[in-house]
Amino acid sequence: MRILQLHSNHIEYRPVEKEIPSAEECEQRKYRVEELIVLFTCVEKGDTVEVAQKAINDLKGYLDTVKSNRILIYPYAHLSSNLASPDDALRILKEMESHAKTLGIEVFRAPFGWCKEFSISIKGHPLAEQFRTITTGEKEGEIVSKALEAESKIKSHWLIMKLDGSMVPVEEFDFNGHEKLKIFTEYEISKVRAVQQVPPHVNLMRKLELVDYELASDPGNFRWYPKGRLIKSLIELYVTQKVIDYGGMEVETPIMYDLEHPSLASYLHRFPARQYILKSDDKEFFLRFSACFGQFLMVHDAQISYRQLPLRIYELTRYSFRREKSGELAGLRRLRGFTMPDVHAMCSDLEQAKQEFLKRFKMCVDTLQGFELTSNDYELAIRFTKDFYEQNKDFIISLVQSFGKPALIEMWDERFFYFVLKYEFNFVDNLNKASALSTDQIDIENAERYGITYVDEKGEKKYPYILHCSPSGAIERDIYAMLEKAYMEQQKGKAPSLPLWLSPTQVRVIPVSEQFFGAAEKLVTVLLEHEVRADWDDRPLTMQKKVREAEMDWVPYIVVIGQKEVDSGTLAVRDRRLAEDRKPGKVRTMKMDELVSEIKEITRGKPFQKLPLPTELSKRPKFYG
RNA sequence: GCCUCGGUGGCUCAGCGGCUAGAGCAACGGCCUCGUAAGCCGUGGAUCGCGGGUUCAAAUCCCGCCCGAGGCUCCA
């Protein structure tokens, strides 16, 4: 509903002729009303009785402000191109009239369905002219809940699957030795609560100058400082490399799609309230919430033979957008704009899908390993329909056995999502919150919806099974998990750190005094030539202070250079990994090539990029703190 | 979205109706030229989140909004 609302000295109007057959009966004379609010009102498609009442309720405050209690409801179709039917419009307008009367407002209503002439005199004060758009606010939510209503009735059975393949209800499982699985299970089922505290990774991401909130954007859209950008970029390269090794074909697709596109609409309307909508001319676009759209549309248009299956297609979205409710956003854990690797596999039949699924399961474990996250750091959840379980018991058991720890099971009596089987690796953080990292699912619905087919041996078109996998989960969330894990280590008295291949500075060189600036710079040059990220501290501070700051930057190797090193040709290397129990890192004596080959060995197989910051610390701005 | 808590120099925080709004860190200037987690002195820097209201007087009390966190909910 749209209302042009005018605080007027008076209005005069006269019905001239009927515009539609269903026009209201009325006296064809001149009407005049003094000292009132004129509501030029346009009823739009989908407006309900609730909208009518809300329009009047909202108006009440305005009437008090301008100290008036007289209104004229004037039907005015010209405010929208999405009109309700005349019958509906009249019904809504009458509802406004009667609702206003019950609130004690003096109401006039101009006849509906007439071509009218009018003249009006409007007051000049700042609040005199207003335009309002009224919706129920819950409108979209209602569509969602209706779509999901049937689904929410379907019962989930919560179980734990042990390594021998047996399943017990969660209440009967002995969680001794599986504390994190217990926390995760409780989080999934009952949502237990934690203390009030800023998530540790939020402080760390800012102190380390990686990422920060951007107040000028929508909440949940972050700014990335050089060090954070480097880390994110390295992870992006790393995950992409993993997927290409597995056989993924990397593509790139648009971030926005036509809201009215036929194959997108049905998928989309399941969750209509979570989109960013973008207007361009008179069209509306939504920002993608996953890579599915672009890839499915691309595969839809492709000629695919059974010989080419499984067909793996991959994109790393920068970004995917989900307009999560504001209360759900939390640091890097839950964002509105995030980076998501997404690899789909089209498989000919269930047998092929299962084999492929297993292969990808291993890829996921392997990918997280690169972040130094192992099965000790996350919990497996598997979700499936009862039917699927009955027919594929051994397969599901093999997943749990391959994982090596008991897993949380959610089993449904009936299928209500588009998938029959899904798993995630869930990270449990310092606040006992769980969030999914890697995930994969077997989708039996979307091939048909998107018209994705392949040609089988007999020359017939068939719908493939589609697997949806994110081997790492959102990149931001990987960083969240690493920072949260580092914080846990710190609580245990260890030095928190990032994996060496992700450390923005791998080697920090600290000259003992200005006399050794030249030597320090030379060391850095050599390290850079070997593709080691090195920098040196040329600021006018004491050496002790520089060591301290390097430690607070989580620099893995700190090399102090003075007369001794210049004379001996060796390096004094303070090794962060050797720090224990809040004691400073041990200093090792090493040759340059030993240090380089140690770093090369530890970072082998991982991507490398230069640090996008000056190598002299004095030339770096402080982005935070 | 709802409920609760918070927002004070770049950062962390103190002040919670009444002197010119403070401290530490950081920045800047100078001294110091240093051997593995904070050297010393000085200078500049604040529309107290934004808007409105109450009051002789508002960072402080009230209302609305914005941002963050926690809870509820949600997580394709």
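Values reported hereafter were calculated over all heavy atoms of this structure, with side chains retained and with hydrogens, waters and symmetry mates removed.
- Residue Arg334(A) places a side-chain atom within donor-acceptor reach of the base of rC74(B), judged by atom type and a 3.5 Å distance cut-off alone.
- Using a 4.0 Å heavy-atom distance criterion, Gln563(A) is classed as a base contact.
- Annotation: of the two residues near RNA chain B, Arg539(A) and Gln544(A), the 5′-most nearest-nucleotide partner is Arg539(A).
- Contact annotation for Lys564(A): base contact, defined as any heavy-atom pair under 4.0 Å involving a base atom.
- Checking the phosphate oxygens (OP1, OP2) of rG1(B), no side-chain nitrogen or oxygen of Arg323(A) falls inside 4.0 Å.
- Across rG7(B) and rG49(B), the matching P atoms stand 8 Å from one another, rounded to whole Å.
- For the 3.5 Å distance criterion, the side chains of Trp412(A) and Thr385(A) fail to qualify, holding no donor opposite an acceptor.
- Donor-acceptor pairing under 3.5 Å, judged by distance alone, is present between the side chain of Arg574(A) and the base of rA37(B).
- Between the side chain of Glu565(A) and the base of rG35(B), at least one donor-acceptor pair of N or O atoms lies under 3.5 Å.
- Distance check on atom P: rG45(B) versus rC3(B) gives 42 Å, rounded to whole Å.
- Distances were taken from every side-chain heavy atom of Gln441(A) (C-beta onward) to each of rU33(B), rA76(B), rG35(B); the shortest belongs to rA76(B).
- When each of Gln275(A), Met256(A), His261(A) is tested with Phe285(A) by the rule side-chain contact (heavy atoms from CB on, under 4.5 Å), just one qualifies, namely Met256(A).
- Note on Tyr624(A): a side-chain N or O is less than 4.0 Å away from OP1 or OP2 of rU12(B).
- Counted by atom type alone, Ser472(A) and Arg477(A) present zero donor-acceptor pairs between their side chains at under 3.5 Å.
- Between Tyr276(A) and Phe321(A), the angle of the ring planes goes over 60°, which puts this pair in the perpendicular group of the 30/60° scheme.
- Backbone-only contact: Tyr213(A) has heavy atoms under 4.0 Å from sugar-phosphate atoms and none from a base.
- Lys546(A) has no side-chain polar atom (N or O) that falls below the 4.0 Å cut-off from OP1 or OP2 of rU33(B).
- Base pairing annotation: rA23(B) forms a Watson-Crick or G-U wobble pair with rU12(B), both donor-acceptor distances under 3.5 Å.
- Mapping Ser326(A) and Val559(A) onto RNA chain B via the closest heavy atom, the residue that lands nearer the 5' end is Ser326(A).
- Ala550(A) comes within 4.0 angstrom of no nucleic acid atom, judged by non-hydrogen atoms across all strands.
- Straight-line distance between the P atoms of rG22(B) and rC48(B): roughly 14 Å, to the nearest whole Å.
- Within the 4.0 Å cut-off from OP1 or OP2 of rG39(B), at least one side-chain nitrogen or oxygen of Thr542(A) is found.
- Taking atom CG on Asp538(A) and atom C1' on rU33(B), their separation rounds to 15 Å, with Å as the unit.
- When only modelled atom types and interatomic distance are considered, Asp575(A) and Tyr557(A) share no side-chain donor-acceptor pair under 3.5 Å.
- Between rA76(B), rC74(B), rG35(B), one nucleotide has an atom nearer to the side chain of Lys325(A) than all others, and that is rC74(B).
- Among the atoms of the strands shown, none is found under 4.0 Å from any heavy atom of Ile558(A).
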